[in-house]
2 protein chains.
Amino acid sequence: MVSRADIIASSEPVLDKYGFSGTGMDSLIKAAEVSSRTLYKHVGGRASLIAGVLDARGERFFSSLPNGGVTELFAALADWVDTEGARGCFFLRALSEAGHDDPAIAQRVMAHKDELAEHIAQCVEHDLGKPDRLLGLQVLVLFEGATHAAVYRGKDALEAAGVAAAVLLQTACREAADLK
Amino acid sequence: MVSRADIIASSEPVLDKYGFSGTGMDSLIKAAEVSSRTLYKHVGGRASLIAGVLDARGERFFSSLPNGGVTELFAALADWVDTEGARGCFFLRALSEAGHDDPAIAQRVMAHKDELAEHIAQCVEHDLGKPDRLLGLQVLVLFEGATHAAVYRGKDALEAAGVAAAVLLQTACREAADLK
DNA sequence: ACAGATGTAAAACGGTCGTTGTACATTTCA
DNA sequence: TGAAATGTACAACGACCGTTTTACATCTGT
């Protein structure tokens with residue numbers, strides 16, 4: 001007995017590995033180990049399935065991020081890449097490959113990035129003791145850059161990003177002290 | 001009288017705007033303003049056309065980057081995004097969307113990123129007076145991050161990345177002075 | 001026991017896509 | 001002039017893809 005959640009869970013790694021446009025319904029049906037009839041009854045259709053996968057992925061991703069500072073943030077990203085592989089941002093890939101013909105996907109991607117920016121802002125505040133919009137954006141850029149540079153530079157990119165974030169944080173910290 | 005280069009030039013913006021899997025040959029034929037027969041005679045086929053577009057894009061991109069330091073580098077990226085738009089890295093998108101069934105594409109993407117890393121390393125050396133592998137990688141991550149964060153944060157991401165690179169450079173500079 | 005829900009396998013449908021074939025028009029130049 | 005080169009428009013091809021239909025099996029609960 002399969003559920004909608006089961007089908008979504010089995011679809012995610014296939015879409016991740018072979019891409020949204022590179023994955024046909026037959027692959028997702030085979031991965032779910034159900035008949036096409038059952039899959040369509042449970043998830044409605046391709047667009048709805050992809051939307052569900054994005055939701056599940058987002059939830060899983062954010063629950064993998066600890067509540068802490070930027071050091072813990074980049075450590076968690078390194079763990080994520082270790083277990084999931086480095087194929088760029090799943091959401092930005094969804095936007096490029098499927099966002100054109102489905103506005104629901106584009107909207108989910110934007111919401112995901114808003115949530116990511118918010119989480120990073122809290123990491124920065126955790127370390128700095130106060131909010132810092134510029135630093136938050138810089139760490140977001142480092143996070144995004146690490147995610148994509150890891151595709152071709154591997155773990156070195158993640159490590160460099162973490163160090164860079166620490167340097168930026170310390171600089172902001174010093175500047176705050178100088179202003180006192 | 002059209003040339004292979006003309007067809008490649010007219011194809012690039014279409015592939016960029018609608019994506020590799022979202023663009024059919026009919027769109028590229030229409031953009032080239034030739035018949036399908038002529039286009040195929042000139043470029044051979046879809047895979048060869050995309051490879052040619054990647055080559056042309058890479059040449060155009062690197063010739064838009066000035067010889068200078070990291071400040072000029074991020075200024076040039078801002079100009080590029082101003083005129084080209086922010087849709088993420090064209091090459092990484094090619095890798096995701098078409099790299100699976102065409103190893104020639106994957107190889108071109110890797111070569112492009114190697115060239116980018118090399119160019120950035122020279123920017124760092126220009127400012128610092130000596131090579132610095134970690135700083136080069138950090139600036140690469142910032143460059144990649146700015147490219148992708150600009151998709152959803154616009155020019156703010158580019159600006160933040162430029163400032164971050166300057167801070168990292170100055171820190172490295174100070175550390176070098178302390179060691180004397 | 002049997003109706004209803006839930007599943008399967010496999011064919012079929014309509015559409016799109018990359019590519020090629022056919023038939024015809026136009027320039028080029030020996 | 002007239003043949004070769006180069007172009008066009010457009011139909012057709014085979015393959016694939018998302019989805020639905022058909023026909024049949026297997027559990028579940030009163």
Side-chain angles (χ1 to χ4, degrees), chain A residues 1-55 93-106 108, chain B residues 1-55 93-106 108:
Chain A
M1 175 94 163
V2 295
S3 70
R4 179 183 148 92
D6 292 334
I7 294 174
I8 287 173
S10 67
S11 296
E12 195 202 308
V14 183
L15 288 168
D16 185 36
K17 198 166 284 181
Y18 301 105
F20 294 86
S21 42
T23 304
M25 291 304 289
D26 55 339
S27 303
L28 302 177
I29 288 164
K30 199 161 287 182
E33 295 181 310
V34 294
S35 69
S36 64
R37 207 67 170 67
T38 307
L39 184 137
Y40 275 93
K41 175 168 290 192
H42 281 18
V43 302
R46 181 179 169 83
S48 161
L49 173 54
I50 289 181
V53 168
L54 288 180
D55 289 340
R93 286 163 62 207
L95 183 64
S96 290
E97 298 184 37
H100 263 287
D101 22 61
D102 192 347
I105 290 180
R108 262 161 240 256
Chain B
M1 175 90 164
V2 294
S3 69
R4 180 183 149 90
D6 291 334
I7 295 174
I8 287 173
S10 68
S11 294
E12 195 202 309
V14 183
L15 287 168
D16 185 35
K17 198 166 285 181
Y18 301 105
F20 293 87
S21 41
T23 304
M25 292 302 290
D26 56 338
S27 303
L28 303 177
I29 287 164
K30 199 162 288 182
E33 295 181 312
V34 294
S35 69
S36 63
R37 216 66 174 72
T38 308
L39 184 138
Y40 275 94
K41 175 168 292 194
H42 279 20
V43 302
R46 181 179 169 81
S48 162
L49 173 54
I50 289 181
V53 168
L54 288 179
D55 290 340
R93 286 163 61 208
L95 183 64
S96 290
E97 298 185 36
H100 259 105
D101 22 61
D102 191 347
I105 289 179
R108 261 160 242 256

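All chains are named by letter (A, B, ...) in the order of the sequence lines, taking the proteins before the strands, and each is independently numbered beginning at 1. Everything quoted here is computed from the prediction, not taken from an experiment.
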Compile the donor-acceptor pairs under 3.5 Å between side chains in residues 9-16 of chain B and protein atoms, sequence neighbours left out, one pair per line.
unit_1 : atom_1 : unit_2 : atom_2 : d
S10(B) : OG     : D6(B)  : O      : 3.4
S10(B) : OG     : I7(B)  : O      : 3.0
S11(B) : OG     : I7(B)  : O      : 2.8
E12(B) : OE2    : R57(B) : NH1    : 2.9
E12(B) : OE2    : R60(B) : NH2    : 2.6
D16(B) : OD1    : R93(B) : NH1    : 3.0
D16(B) : OD2    : R87(B) : NH2    : 3.2

For residues 19-33 of chain B, dump all side-chain donor-acceptor pairs below 3.5 Å to protein atoms at least two apart in sequence or in another chain.
unit_1 : atom_1 : unit_2 : atom_2 : d
S21(B) : OG     : S21(A) : OG     : 2.8
S21(B) : OG     : E97(B) : OE1    : 2.9
T23(B) : OG1    : G19(B) : O      : 2.6

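A heavy atom lying under 4.0 Å from DNA chain C marks the following residues of residues 14-34 of chain B, by number: T23(B), G24(B), M25(B). Within residues 41-55 of chain B, the residues approached by DNA chain C to less than 4.0 Å at the level of any non-hydrogen atom are G45(B), R46(B), in residue-number order. A heavy-atom distance below 4.0 Å to DNA chain C is reached by none of the residues of residues 94-103 of chain B.
In summary, contact between chain B and DNA chain D, defined as any nucleotide atom under 4.0 Å from a heavy atom of the protein, begins and ends at dG7(D) to dC10(D) in the 5' to 3' direction. Using a 4.0 Å cutoff to heavy atoms of chain B, the contacted part of DNA chain C runs 5' to 3' from dG18(C) to dT22(C).
For D102(A), the side chain to side chain donor-acceptor pair (under 3.5 Å) test picks out no residue, with sequence neighbours left out. Under the side chain to side chain donor-acceptor pair (under 3.5 Å) criterion, R108(A) pairs with D55(A), not counting sequence neighbours. For S35(B), the side chain to side chain donor-acceptor pair (under 3.5 Å) partners at least two apart in sequence or on another chain are T38(B).
Sorted by first and then second residue, the side chain to side chain donor-acceptor pair (under 3.5 Å) pairs with a member in residues 39-52 of chain A form an empty list; sequence neighbours excluded.
Checking S36(B) against V2(B), the closest nucleotide of DNA chain D that is more toward the 5' end is the one next to V2(B).
Rounding to the nearest 0.5 Å places NE2 of H100(B) at 8.5 Å from OG of S96(B). In this structure, CD1 on I105(B) lies 6.0 Å from CG on L54(B), to the nearest 0.5 angstrom.
Minimum heavy-atom separation, G99(B) to A106(B): O-CB, 4.3 Å.
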